[in-house]
Structure formats: C-alpha cells, structure tokens
Amino acid sequence: MTGSQFPREELFAPGHRGCAGCGAAIVARLALKAAGKNTIVANATGCLEVMTTPYPETAWKVPWIHVAFENAAAVASGVEGAVAALNRKRGKYGEEKVNVIAFGGDGGTADIGFQALSGAMERGHDMVYIMYDNEAYMNTGVQRSGSTPLLASTTTSPAGSLIRGETMPKKNMPMIMAAHGIPYVATASISYPEDFMKKVKKACEINGPAFIQVMQPCATGWGYPADKTIELGRLAVETGVWPLFEIENGEFKLNYKPLKRKPIEEYLKVQKRYRHLNPEEISVIQKTIDMKCDEYGL
C-alpha cells in the first residue's frame, strides 16, 4: 500500500474535539482507512472516546460502541462471536470480511484492561486490538501508566530531588502479547503512516487475534509544541526508543532500521516531561535504549 493507494474515503470525521496535534485522532483516521467501512469498533474509555463522541455528536462513520476502561477486548470478543454466529446462521455477508477492532489507550490496555485483553487473545477471537500509546493516562490528568517510560515525569511520578520521575521501565506489551502465541503482533507509529496502515490491513486479513501497539505523541502530556507531533514520532523511531517490527506466526521481522541511530538526547530535550534530567540520567536512558536495540538487531 503506497501513498497513491491510500483510500480516499474518510471514515473518521473532522471536527472532533481532540487537542491540537492529537496523535490519537491520527491513529483512528489511518486505522479506519486501512480497515475499510466493513468494520465494527469497540472503544475503551479514554482520550479517543471522550474527544470523538460528545453527546449528541460523533466522529465515527462505522458502527461504534463505547465501553468501560477495562473491557474493550471483552466487548470486542462478544461482537466477534456474534458476527461469527450470524455468519453460521445466515451465510457470509457478501465477500468482504467484517473487521472487529478494539481501540484502547495504554492505561486501558496495559493496566486496567490487561486481563480482558489477555483472555481475548488466549481464546483466539478473530479481532484486532489497537493500543494507542501516549505513555500515560492523559484524559484524566497525565498520571503514569504501565507504559510510561523510565524517568518521565507525570502527575503521579513527579520529578523531584528524591524521585526522578517514573521508577519502572515501560511494560513490553508487544512481547507479552507475542507470548500468547497469537498469529500477529506489530508496533507502529503515526509518523510512518504507510507502515501503520499496511499493518492494520494485514491484521484485519489474518484469521485470529492480532495486536498492534502504535506510538502517538501527546503534546499536552509530553509538553511540546502541537505542530511537532509527527516530528516527535519520527525521533522516537530514529533514536531507537520505538522500533518498528512485526511478529507473524512467531517470526520476528524488523520493518525499519535507521542508517545511524540518533542520540536519545535529541528526543528527550524537546519534551517538558524530561526537562529535569541531568547528563548522568540521560546516559542511563541511552544505555537502556542501546540494550534494547541490540536485542532487536537495530
């Protein structure tokens, strides 16, 4: 799927109430372009749900259901089961597959919704789960989540003289999902839209559960100018913070390898959540990233 092959139809309407530079809106727009109109969405509580459906308005042009923080995967499982039952009873609805997609933020996926997600993956439901990762609970005030990176400052992991921001490393959700033995796991970034859309399309076509974790910078929570969202996403990939890869039927494939990784300081220095860091702490983060990149062959 090249730029010229992007579907022209917009299934995610403009005029939603996302912040300027919101990455979650880009996630939804690109994902629906790739999935197509024959799609049903289950959306966990969070930024994406709140900003797209202020009653009586909606930005969604496909069937959509809002569910609680913790059960997007469970509801998507039920929808998928209902679609499968109707297919058995009435025959296939034409030749086009009905795609069941769940959207959840990092808090609603890696933390509150983890049990439901794990169960859905283990049961083998034919569905796609897209985790839009802005690395904190942004909708409720920038609290840390299991996906918040080491030493990032949030309202519940504030940087001070004793505690220097988040004390735990970012939870490795792609590898946790891969450990479930599901047919497809991928990472993506809104700053690489062709790669993301290809992965959504592939995930929809695969028979069985699929999980995509897409990095989406948040101007409000990370503290950077709203017009720098795409630039920050690219820096995350170019520095090795966010490798782009997929795991299909257990086979790992790196999708993009920078000719030369940029130093992590270029990524950190433009974000207020890292402005407290000293050179020693930046060096610790760089070493952590280097170890991860060595593991992935980046």
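Source: prediction; values computed, not measured.
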TODO: Flag the pair Glu205 and Lys202 as a salt bridge only when some basic side-chain nitrogen lies within less than 4.0 angstrom of an acidic carboxylate oxygen.
DONE: no
- [ ] Using a strict 4.0 Å threshold on nitrogen-to-oxygen distance, state whether Lys33 and Glu9 make a salt bridge.
- [x] no
Open item on the list: Counting C-beta onward and ignoring hydrogens, is there a side-chain heavy-atom pair between Ile40 and Asn99 closer than 4.5 Å?
Closed with: no
Task: Residue pair Lys61, Phe12: steps toward the side chain to side chain contact (heavy atoms under 4.5 Å, CB included) verdict - done: CA-CA 6 Å; Lys61 295 184 178 182; Phe12 185 77; over 6 Å; no
TODO: Show the numbers, then the answer: is there a side chain to side chain contact (heavy atoms under 4.5 Å, CB included) between Thr52 and Thr58?
DONE: CA-CA 6 Å; Thr52 59; Thr58 181; 5.7 Å; no
Open item on the list: Would the distance check show the side chain of Thr187 and the main-chain N or O of Gln213 forming a donor-acceptor pair, the cut-off being under 3.5 Å?
Closed with: no
Output side-chain donor-acceptor pairs under 3.5 Å for residues 42-49, partner residues at least two apart or in another chain, one line each.
| residue | atom | partner | partner atom | Å |
| --- | --- | --- | --- | --- |
| Asn43 | OD1 | Trp64 | NE1 | 3.2 |
| Thr45 | OG1 | His66 | NE2 | 2.8 |
| Thr45 | OG1 | Val67 | O | 3.2 |

TODO: Please confirm whether the backbone N or O of Val62 pairs with a side-chain atom of Lys37, one donor and one acceptor, at under 3.5 Å?
DONE: no
- [ ] Could you tell me which non-hydrogen atom of Asp106 sits nearest to which non-hydrogen atom of Ala136, and how far apart they are?
- [x] OD2-N, 2.9 Å
TODO: Could you tell me how the ring of Phe69 sits relative to the ring of Tyr137: parallel (under 30°), tilted (30 to 60°) or perpendicular (over 60°)?
DONE: perpendicular
Open item on the list: Looking at Lys260 and Glu238, is any side-chain nitrogen of the basic one under 4.0 Å from a carboxylate oxygen of the acidic one?
Closed with: no
TODO: Determine yes or no for a side-chain-to-main-chain donor-acceptor pair under 3.5 angstrom, with Ser283 supplying the side chain and Pro279 the backbone.
DONE: no
- [ ] Kindly check if the number of other-residue, nucleotide or ligand heavy atoms within 6.0 Å of CD (Glu265) is above 12?
- [x] no
TODO: Can you run down the ring pair (Phe, Tyr, Trp, His ring centres under 6.0 Å) pairs that involve residues 256-298, sequence neighbours left out, and say none if there aren't any?
DONE: Tyr192-Tyr256, Phe245-Tyr296, Phe252-Tyr296
Task: Ionic contact status for Arg17 with Glu57, cut-off 4.0 Å - done: yes
Open item on the list: Filter on salt bridge (Lys or Arg N to Asp or Glu O under 4.0 Å), then keep only pairs touching residues 147-175, sequence neighbours left out; what's left?
Closed with: Asp111-Lys171, Asp133-Lys170, Glu135-Lys170, Arg144-Glu166, Arg164-Glu281
Open item on the list: Before you tell me yes or no, could you show the steps for Leu244 and Lys257 under side chain to side chain contact (heavy atoms under 4.5 Å, CB included), namely the whole-Å CA-CA distance, both residues' side-chain angles and the distance that decides it to 0.1 Å?
Closed with: CA-CA 8 Å; Leu244 300 179; Lys257 186 174 182 177; over 6 Å; no
TODO: For Pro183 and Asn207, work out which heavy atoms get closest and say how close.
DONE: CG-O, 4.0 Å
TODO: Begin with the C-alpha distance, continue with both residues' side-chain angles, and end with the deciding distance and a verdict on salt bridge (Lys or Arg N to Asp or Glu O under 4.0 Å) for Lys292 and Glu295.
DONE: CA-CA 5 Å; Lys292 180 175 70 172; Glu295 180 183 350; over 6 Å; no
